[in-house]
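First up is the structure itself, then whatever we jot down about it.
The first residue of the sequence shown is numbered 1, and numbering continues consecutively from there. Just follow the structure's listing: the first ligand is 1, and inside any ligand the first atom is 1.
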Amino acid sequence: MSTTSTTSALSAPGAPGALAPAPRPVLAGIPAYVPKPPAPPAEGPSHRLFLNENPYPPLPSVRETIARAAAQTNHYPTIHPERLMDALARRLDVPPGHLVTGPGSVGIYQQIGQAMLEPGDEVVYAWPSFEAYPIVARMAGAVPVEVPLVDGVHDLDAMAAAITPRTRAVFLCEPNNPTGTAVGTAELKRFLDRVPGDVLVVLDEAYFEFSRSPNASDGVELHHDRPNLLTLRTFSKAYGLAGLRVGYGVAQPAIAGALRKCAVPCGVGRIAEEAALTALRVRAELFERVERIVAERERTREALLGLGWEVLPSEANFLWLPAGEASESVAEEWERRGLLVRAFPRSGLRVTVGSPEVNDLLITAAAQTAPPSR
Ligand SMILES: Cc1ncc(COP(=O)(O)O)c(C=O)c1O
(Lines give C-alpha, C1' and ligand atoms only; values in the text may rest on other atoms or scores of the structure.)
Protein backbone atom coordinates (compact mmCIF):
# COMPACT_ATOMS: atom_id res chain seq x y z
CA MET A 1 0.00 0.00 0.00
CA SER A 2 1.34 3.42 -0.84
CA THR A 3 2.12 5.53 2.23
CA THR A 4 1.08 8.74 0.51
CA SER A 5 -2.51 7.54 0.38
CA THR A 6 -2.64 7.24 4.18
CA THR A 7 -0.65 10.39 5.03
CA SER A 8 -2.73 13.44 5.86
CA ALA A 9 -2.09 16.53 3.74
CA LEU A 10 -1.03 18.52 6.84
CA SER A 11 1.85 16.27 7.81
CA ALA A 12 3.00 15.38 4.29
CA PRO A 13 6.58 16.51 3.88
CA GLY A 14 6.75 19.81 2.03
CA ALA A 15 3.02 20.47 2.25
CA PRO A 16 2.03 24.01 3.19
CA GLY A 17 1.77 24.26 6.98
CA ALA A 18 3.54 20.93 7.44
CA LEU A 19 4.95 20.30 10.88
CA ALA A 20 8.73 20.20 11.07
CA PRO A 21 11.14 19.51 13.91
CA ALA A 22 12.50 22.84 15.11
CA PRO A 23 16.16 23.18 16.11
CA ARG A 24 16.71 24.81 19.53
CA PRO A 25 16.04 28.55 19.10
CA VAL A 26 19.52 29.28 20.48
CA LEU A 27 21.04 27.93 17.23
CA ALA A 28 19.59 30.85 15.26
CA GLY A 29 22.09 33.20 16.93
CA ILE A 30 25.15 31.00 16.40
CA PRO A 31 27.51 32.04 13.63
CA ALA A 32 29.05 29.52 11.26
CA TYR A 33 32.48 28.50 12.58
CA VAL A 34 34.68 29.59 9.67
CA PRO A 35 32.58 32.08 7.70
CA LYS A 36 34.23 31.87 4.32
CA PRO A 37 37.42 30.09 3.36
CA PRO A 38 39.66 32.16 1.10
CA ALA A 39 39.22 31.56 -2.62
CA PRO A 40 42.16 29.92 -4.41
CA PRO A 41 43.19 31.52 -7.71
CA ALA A 42 41.79 30.03 -10.92
CA GLU A 43 45.30 29.04 -12.01
CA GLY A 44 48.58 28.24 -10.31
CA PRO A 45 49.38 26.83 -6.90
CA SER A 46 47.78 28.03 -3.70
CA HIS A 47 49.01 27.89 -0.14
CA ARG A 48 46.84 27.38 2.92
CA LEU A 49 47.82 30.06 5.40
CA PHE A 50 44.38 30.50 6.98
CA LEU A 51 43.97 27.71 9.54
CA ASN A 52 47.28 27.78 11.42
CA GLU A 53 48.16 24.34 10.13
CA ASN A 54 51.62 22.83 10.26
CA PRO A 55 53.16 23.18 6.77
CA TYR A 56 54.98 19.83 6.98
CA PRO A 57 53.26 16.54 6.06
CA PRO A 58 53.45 13.63 8.54
CA LEU A 59 56.86 12.00 9.04
CA PRO A 60 57.34 8.60 7.35
CA SER A 61 57.16 6.88 10.77
CA VAL A 62 53.78 8.48 11.44
CA ARG A 63 52.52 7.55 7.96
CA GLU A 64 53.56 3.93 8.51
CA THR A 65 51.65 3.85 11.78
CA ILE A 66 48.58 5.29 10.06
CA ALA A 67 48.77 2.65 7.33
CA ARG A 68 49.10 -0.15 9.90
CA ALA A 69 46.20 1.14 11.98
CA ALA A 70 44.08 1.51 8.84
CA ALA A 71 44.09 -2.27 8.51
CA GLN A 72 42.12 -2.56 11.76
CA THR A 73 39.33 -0.13 11.18
CA ASN A 74 36.70 -2.88 11.35
CA HIS A 75 37.26 -2.76 15.13
CA TYR A 76 35.97 -0.08 17.47
CA PRO A 77 38.55 1.93 19.34
CA THR A 78 38.33 1.92 23.15
CA ILE A 79 35.78 4.30 24.69
CA HIS A 80 38.62 6.63 25.74
CA PRO A 81 42.06 6.37 24.06
CA GLU A 82 43.59 4.80 27.16
CA ARG A 83 47.01 4.00 25.73
CA LEU A 84 47.39 7.56 24.57
CA MET A 85 46.18 8.86 27.94
CA ASP A 86 48.80 6.71 29.69
CA ALA A 87 51.54 7.95 27.37
CA LEU A 88 50.47 11.57 27.90
CA ALA A 89 50.32 11.05 31.65
CA ARG A 90 53.92 9.79 31.63
CA ARG A 91 55.14 12.60 29.38
CA LEU A 92 53.41 15.33 31.37
CA ASP A 93 54.04 13.67 34.73
CA VAL A 94 50.39 13.77 35.79
CA PRO A 95 48.08 10.92 36.91
CA PRO A 96 45.98 9.50 34.02
CA GLY A 97 42.84 10.59 35.91
CA HIS A 98 43.84 14.21 35.27
CA LEU A 99 43.43 13.74 31.52
CA VAL A 100 40.56 14.17 29.13
CA THR A 101 40.72 13.71 25.38
CA GLY A 102 38.52 14.66 22.48
CA PRO A 103 38.33 14.77 18.68
CA GLY A 104 40.54 17.87 18.61
CA SER A 105 40.50 20.35 21.44
CA VAL A 106 37.33 21.83 19.91
CA GLY A 107 35.72 18.50 20.81
CA ILE A 108 36.65 19.11 24.44
CA TYR A 109 34.97 22.53 24.29
CA GLN A 110 31.72 20.75 23.53
CA GLN A 111 32.32 18.56 26.59
CA ILE A 112 32.89 21.73 28.64
CA GLY A 113 29.56 23.09 27.42
CA GLN A 114 27.78 19.91 28.43
CA ALA A 115 29.56 19.29 31.71
CA MET A 116 30.01 22.78 33.10
CA LEU A 117 27.57 25.31 31.65
CA GLU A 118 23.90 25.91 32.42
CA PRO A 119 21.61 28.24 30.46
CA GLY A 120 22.09 31.80 31.69
CA ASP A 121 25.62 31.26 33.01
CA GLU A 122 28.13 33.86 31.90
CA VAL A 123 31.33 32.94 30.07
CA VAL A 124 34.06 35.58 29.99
CA TYR A 125 36.66 35.65 27.24
CA ALA A 126 38.71 38.20 25.33
CA TRP A 127 37.79 39.42 21.87
CA PRO A 128 39.04 38.85 19.26
CA SER A 129 40.06 35.39 20.34
CA PHE A 130 39.40 31.84 19.16
CA GLU A 131 36.19 31.90 17.17
CA ALA A 132 34.81 28.78 18.79
CA TYR A 133 34.31 30.55 22.15
CA PRO A 134 31.06 32.40 21.39
CA ILE A 135 29.72 29.27 19.69
CA VAL A 136 30.48 27.04 22.68
CA ALA A 137 28.94 29.52 25.10
CA ARG A 138 25.79 30.14 23.03
CA MET A 139 25.31 26.47 22.23
CA ALA A 140 25.07 25.82 25.97
CA GLY A 141 22.56 28.67 26.34
CA ALA A 142 25.20 30.63 28.27
CA VAL A 143 25.81 34.35 27.91
CA PRO A 144 29.09 35.36 26.25
CA VAL A 145 30.86 38.28 27.95
CA GLU A 146 33.53 39.60 25.58
CA VAL A 147 36.35 41.77 26.91
CA PRO A 148 38.25 43.68 24.20
CA LEU A 149 41.97 43.03 23.81
CA VAL A 150 44.18 46.06 24.35
CA ASP A 151 46.76 46.41 21.57
CA GLY A 152 46.17 42.75 20.69
CA VAL A 153 46.82 41.53 24.26
CA HIS A 154 44.45 40.16 26.91
CA ASP A 155 43.34 42.86 29.34
CA LEU A 156 43.41 40.65 32.40
CA ASP A 157 42.34 43.43 34.78
CA ALA A 158 39.23 44.06 32.69
CA MET A 159 38.57 40.32 32.44
CA ALA A 160 38.81 39.93 36.22
CA ALA A 161 36.46 42.91 36.61
CA ALA A 162 33.99 41.28 34.19
CA ILE A 163 33.54 38.27 36.50
CA THR A 164 30.20 38.40 38.33
CA PRO A 165 28.37 35.93 40.57
CA ARG A 166 26.80 34.54 37.36
CA THR A 167 30.19 33.80 35.74
CA ARG A 168 30.73 30.07 35.39
CA ALA A 169 33.78 29.97 33.12
CA VAL A 170 36.61 32.05 31.68
CA PHE A 171 38.24 31.04 28.38
CA LEU A 172 41.80 32.31 28.03
CA CYS A 173 43.76 31.69 24.87
CA GLU A 174 47.51 31.72 25.56
CA PRO A 175 49.09 32.54 23.09
CA ASN A 176 46.00 34.22 21.71
CA ASN A 177 44.45 33.30 18.39
CA PRO A 178 44.33 35.47 16.22
CA THR A 179 46.88 37.96 17.60
CA GLY A 180 49.68 35.56 18.65
CA THR A 181 50.35 37.52 21.82
CA ALA A 182 50.89 35.95 25.24
CA VAL A 183 50.45 37.38 28.73
CA GLY A 184 53.11 35.17 30.34
CA THR A 185 53.16 33.24 33.55
CA ALA A 186 53.50 36.05 36.10
CA GLU A 187 50.46 37.95 34.78
CA LEU A 188 48.53 34.75 34.36
CA LYS A 189 49.15 33.66 37.95
CA ARG A 190 48.07 37.07 39.22
CA PHE A 191 44.88 36.72 37.21
CA LEU A 192 44.20 33.17 38.36
CA ASP A 193 44.58 34.33 41.97
CA ARG A 194 41.75 36.81 41.38
CA VAL A 195 39.30 34.30 39.85
CA PRO A 196 36.83 32.83 42.37
CA GLY A 197 37.40 29.12 43.02
CA ASP A 198 34.00 28.13 41.61
CA VAL A 199 34.73 29.67 38.19
CA LEU A 200 36.34 27.30 35.69
CA VAL A 201 39.33 28.78 33.85
CA VAL A 202 39.99 27.11 30.52
CA LEU A 203 43.56 27.88 29.51
CA ASP A 204 43.75 27.17 25.80
CA GLU A 205 47.36 26.30 24.99
CA ALA A 206 46.82 25.10 21.42
CA TYR A 207 50.05 26.88 20.38
CA PHE A 208 52.05 26.13 23.56
CA GLU A 209 54.93 24.41 21.74
CA PHE A 210 55.68 27.48 19.60
CA SER A 211 56.21 29.81 22.53
CA ARG A 212 59.81 30.88 23.17
CA SER A 213 59.25 33.54 25.80
CA PRO A 214 61.24 32.88 29.00
CA ASN A 215 58.06 33.95 30.80
CA ALA A 216 55.84 31.45 28.91
CA SER A 217 53.04 29.94 30.97
CA ASP A 218 52.60 26.20 31.43
CA GLY A 219 49.08 25.29 32.42
CA VAL A 220 49.97 21.67 33.16
CA GLU A 221 52.44 22.90 35.77
CA LEU A 222 49.92 25.38 37.15
CA HIS A 223 47.05 22.92 37.46
CA HIS A 224 48.56 21.04 40.40
CA ASP A 225 47.44 23.56 43.01
CA ARG A 226 44.51 25.07 41.09
CA PRO A 227 41.38 22.88 41.11
CA ASN A 228 39.49 25.33 38.85
CA LEU A 229 42.05 25.26 36.01
CA LEU A 230 41.66 23.19 32.82
CA THR A 231 44.49 23.36 30.28
CA LEU A 232 43.80 22.35 26.69
CA ARG A 233 46.42 21.25 24.16
CA THR A 234 46.31 19.60 20.78
CA PHE A 235 48.10 17.32 18.35
CA SER A 236 46.85 19.52 15.50
CA LYS A 237 49.53 22.21 15.42
CA ALA A 238 53.08 21.37 16.59
CA TYR A 239 52.51 17.62 16.05
CA GLY A 240 51.02 18.21 12.60
CA LEU A 241 48.01 15.90 12.98
CA ALA A 242 45.16 18.37 12.39
CA GLY A 243 43.48 15.97 9.96
CA LEU A 244 43.21 13.20 12.55
CA ARG A 245 41.56 15.21 15.36
CA VAL A 246 43.23 14.58 18.71
CA GLY A 247 43.16 17.08 21.55
CA TYR A 248 43.64 16.70 25.28
CA GLY A 249 43.03 18.53 28.51
CA VAL A 250 44.64 18.41 31.93
CA ALA A 251 42.73 19.23 35.11
CA GLN A 252 42.27 17.86 38.58
CA PRO A 253 40.09 14.72 38.69
CA ALA A 254 36.75 16.38 39.54
CA ILE A 255 36.81 18.45 36.33
CA ALA A 256 38.63 15.91 34.15
CA GLY A 257 36.22 13.15 35.23
CA ALA A 258 33.15 15.29 34.50
CA LEU A 259 34.47 16.08 31.03
CA ARG A 260 35.27 12.42 30.32
CA LYS A 261 31.63 11.56 31.10
CA CYS A 262 30.55 13.94 28.32
CA ALA A 263 33.05 12.67 25.73
CA VAL A 264 31.63 11.08 22.60
CA PRO A 265 32.30 7.35 23.16
CA CYS A 266 35.21 6.22 20.95
CA GLY A 267 35.53 9.88 19.87
CA VAL A 268 39.27 9.55 19.25
CA GLY A 269 39.57 6.93 16.53
CA ARG A 270 42.10 4.13 16.42
CA ILE A 271 44.16 5.67 13.60
CA ALA A 272 44.24 8.99 15.41
CA GLU A 273 45.32 7.38 18.69
CA GLU A 274 48.09 5.32 17.07
CA ALA A 275 49.37 8.32 15.10
CA ALA A 276 49.43 10.48 18.24
CA LEU A 277 51.33 7.73 20.12
CA THR A 278 53.94 7.60 17.36
CA ALA A 279 54.10 11.40 17.22
CA LEU A 280 54.91 11.44 20.93
CA ARG A 281 57.65 8.86 20.38
CA VAL A 282 59.25 10.84 17.53
CA ARG A 283 58.68 14.14 19.29
CA ALA A 284 62.32 15.22 19.02
CA GLU A 285 62.22 14.89 15.23
CA LEU A 286 58.88 16.70 15.01
CA PHE A 287 60.08 19.49 17.23
CA GLU A 288 63.00 20.21 14.90
CA ARG A 289 60.25 21.30 12.52
CA VAL A 290 58.69 23.40 15.26
CA GLU A 291 62.08 25.12 15.66
CA ARG A 292 62.11 25.79 11.93
CA ILE A 293 58.61 27.27 12.10
CA VAL A 294 59.63 29.49 15.03
CA ALA A 295 62.74 30.69 13.15
CA GLU A 296 60.60 31.37 10.06
CA ARG A 297 58.07 33.26 12.18
CA GLU A 298 60.80 35.61 13.34
CA ARG A 299 62.39 35.94 9.90
CA THR A 300 59.05 36.67 8.23
CA ARG A 301 58.02 39.16 10.89
CA GLU A 302 61.32 41.05 10.60
CA ALA A 303 60.98 41.19 6.81
CA LEU A 304 57.39 42.48 6.98
CA LEU A 305 58.31 45.07 9.60
CA GLY A 306 61.18 46.17 7.34
CA LEU A 307 58.63 46.70 4.54
CA GLY A 308 56.57 49.01 6.74
CA TRP A 309 53.87 46.54 7.81
CA GLU A 310 52.71 46.45 11.39
CA VAL A 311 53.08 42.90 12.77
CA LEU A 312 52.55 41.98 16.42
CA PRO A 313 55.17 39.86 18.19
CA SER A 314 53.93 36.26 18.05
CA GLU A 315 54.41 33.24 20.30
CA ALA A 316 52.38 31.02 17.95
CA ASN A 317 52.68 29.61 14.41
CA PHE A 318 51.01 32.62 12.81
CA LEU A 319 51.40 36.38 12.54
CA TRP A 320 48.83 39.11 13.08
CA LEU A 321 48.91 42.17 10.84
CA PRO A 322 46.51 44.80 12.19
CA ALA A 323 45.68 46.18 8.74
CA GLY A 324 42.35 47.73 9.82
CA GLU A 325 40.04 48.77 6.99
CA ALA A 326 42.47 47.42 4.38
CA SER A 327 42.40 43.86 5.75
CA GLU A 328 39.91 42.39 3.28
CA SER A 329 41.32 44.07 0.19
CA VAL A 330 44.87 43.01 1.07
CA ALA A 331 43.68 39.44 1.66
CA GLU A 332 41.94 39.44 -1.74
CA GLU A 333 45.09 40.71 -3.42
CA TRP A 334 47.18 38.01 -1.77
CA GLU A 335 44.57 35.35 -2.59
CA ARG A 336 45.00 36.22 -6.26
CA ARG A 337 48.67 35.34 -5.79
CA GLY A 338 47.73 32.01 -4.22
CA LEU A 339 48.40 33.06 -0.62
CA LEU A 340 45.24 32.12 1.23
CA VAL A 341 45.31 34.14 4.44
CA ARG A 342 42.56 34.87 6.93
CA ALA A 343 41.05 38.36 6.91
CA PHE A 344 39.15 39.66 9.92
CA PRO A 345 36.98 42.41 8.45
CA ARG A 346 38.18 45.95 9.32
CA SER A 347 40.55 44.51 11.87
CA GLY A 348 43.52 42.51 10.64
CA LEU A 349 45.06 39.62 8.77
CA ARG A 350 46.09 36.36 10.35
CA VAL A 351 48.81 34.64 8.36
CA THR A 352 50.02 31.14 9.21
CA VAL A 353 53.79 30.68 9.11
CA GLY A 354 54.44 28.38 6.15
CA SER A 355 57.48 26.72 4.65
CA PRO A 356 60.45 29.05 3.90
CA GLU A 357 59.50 29.11 0.19
CA VAL A 358 55.91 30.11 0.90
CA ASN A 359 57.01 32.72 3.43
CA ASP A 360 59.25 34.18 0.72
CA LEU A 361 56.19 34.43 -1.55
CA LEU A 362 54.36 36.22 1.23
CA ILE A 363 57.22 38.67 1.74
CA THR A 364 57.28 39.35 -2.02
CA ALA A 365 53.52 39.96 -2.03
CA ALA A 366 53.84 42.25 0.98
CA ALA A 367 56.61 44.19 -0.77
CA GLN A 368 54.32 44.72 -3.77
CA THR A 369 51.27 45.77 -1.71
CA ALA A 370 51.19 49.17 -0.07
CA PRO A 371 51.01 48.73 3.72
CA PRO A 372 48.04 50.55 5.24
CA SER A 373 49.04 53.97 6.55
CA ARG A 374 49.21 54.08 10.35
C1 LIG B 1 43.14 28.62 20.18
C2 LIG B 1 42.71 27.36 19.55
N3 LIG B 1 42.20 26.39 20.30
C4 LIG B 1 41.80 25.23 19.76
C5 LIG B 1 41.91 25.01 18.40
C6 LIG B 1 41.37 23.74 17.85
O7 LIG B 1 42.30 22.83 17.67
P8 LIG B 1 41.93 21.31 17.41
O9 LIG B 1 42.40 21.02 16.05
O10 LIG B 1 42.68 20.58 18.49
O11 LIG B 1 40.46 21.13 17.56
C12 LIG B 1 42.43 25.98 17.58
C13 LIG B 1 42.51 25.75 16.13
O14 LIG B 1 42.84 26.57 15.33
C15 LIG B 1 42.84 27.19 18.16
O16 LIG B 1 43.33 28.18 17.42
**Q.** Atoms of ligand 1 close to C173 [distance to a heavy atom under 4.0 angstrom, numbered from 1]
**A.** 1 (C)
(Q) For F235, which part has a heavy atom under 4.0 Å from ligand 1: side chain, backbone, both, or neither? (A) neither
Q: Considering the heavy atoms of R245, write down every atom of ligand 1 situated less than 4.0 Å from one of them.
A: 8 (P), 9 (O), 11 (O)
Q: Any chance you could measure E273, atom CD, to T278, atom OG1, to the nearest 0.5 Å?
A: 10.5 Å
Q | Short side-chain donor-acceptor distance under 3.5 Å, N215 and T185 | A | no
(Q) When you group the ILVMFWY residues by side-chain heavy-atom contacts below 4.5 Å and let the links chain together, are V250 and V170 in the same group? (A) no
(Q) Show the atoms of ligand 1 that are less than 4.0 angstrom away from any heavy atom in S236. (A) 8 (P), 9 (O), 10 (O)
(Q) With respect to V106, determine whether any N or O atom, backbone or side chain, lies less than 3.5 Å from an N or O atom of ligand 1. (A) yes
Q) Can any side-chain N or O of Q111 pair as donor or acceptor with the backbone N or O of L259 at less than 3.5 Å? A) yes
Q. Is it true that the side chains of T181 and N176 contain a donor and an acceptor less than 3.5 Å apart?
A. no
Q.
Any atom of ligand 1 sitting under 4.0 Å from a heavy atom of Y109?
A. no
(Q) Closer than 4.0 Å to some heavy atom of Y207 - which atoms of ligand 1 meet that? (A) 1 (C), 13 (C), 14 (O), 15 (C), 16 (O)
Q | Check: F50 main-chain N/O paired with R350 side-chain donor or acceptor under 3.5 Å | A | yes
Q: Would you check whether A242 reaches within less than 4.0 Å of ligand 1, judged by its heavy atoms?
A: no
Q: Indicate whether the side chain of Y76 and that of R270 have a donor and an acceptor atom separated by less than 3.5 Å.
A: no
Q. R297 side chain to F210 main-chain N or O, any donor-acceptor pair under 3.5 Å?
A. yes
Q: Using distance alone, determine whether D204 and ligand 1 share an N or O pair under 3.5 Å.
A: yes
Q: Please could you name the atoms of ligand 1 that K237 approaches to less than 4.0 Å, counting only its heavy atoms?
A: 13 (C), 14 (O)
Q. Does A206 reach ligand 1, in the sense of a heavy atom lying below 4.0 Å from it?
A. yes
Q) Is the number of heavy atoms from other residues, nucleotides or ligands within 6.0 Å of CG (D93) greater than 12? A) no
Q: Give the numbers and elements of all ligand 1 atoms closer than 4.0 Å to a heavy atom of G104.
A: 8 (P), 10 (O), 11 (O)
Q) Mind checking whether N52 has an N or O less than 3.5 Å away from an N or O of ligand 1? A) no
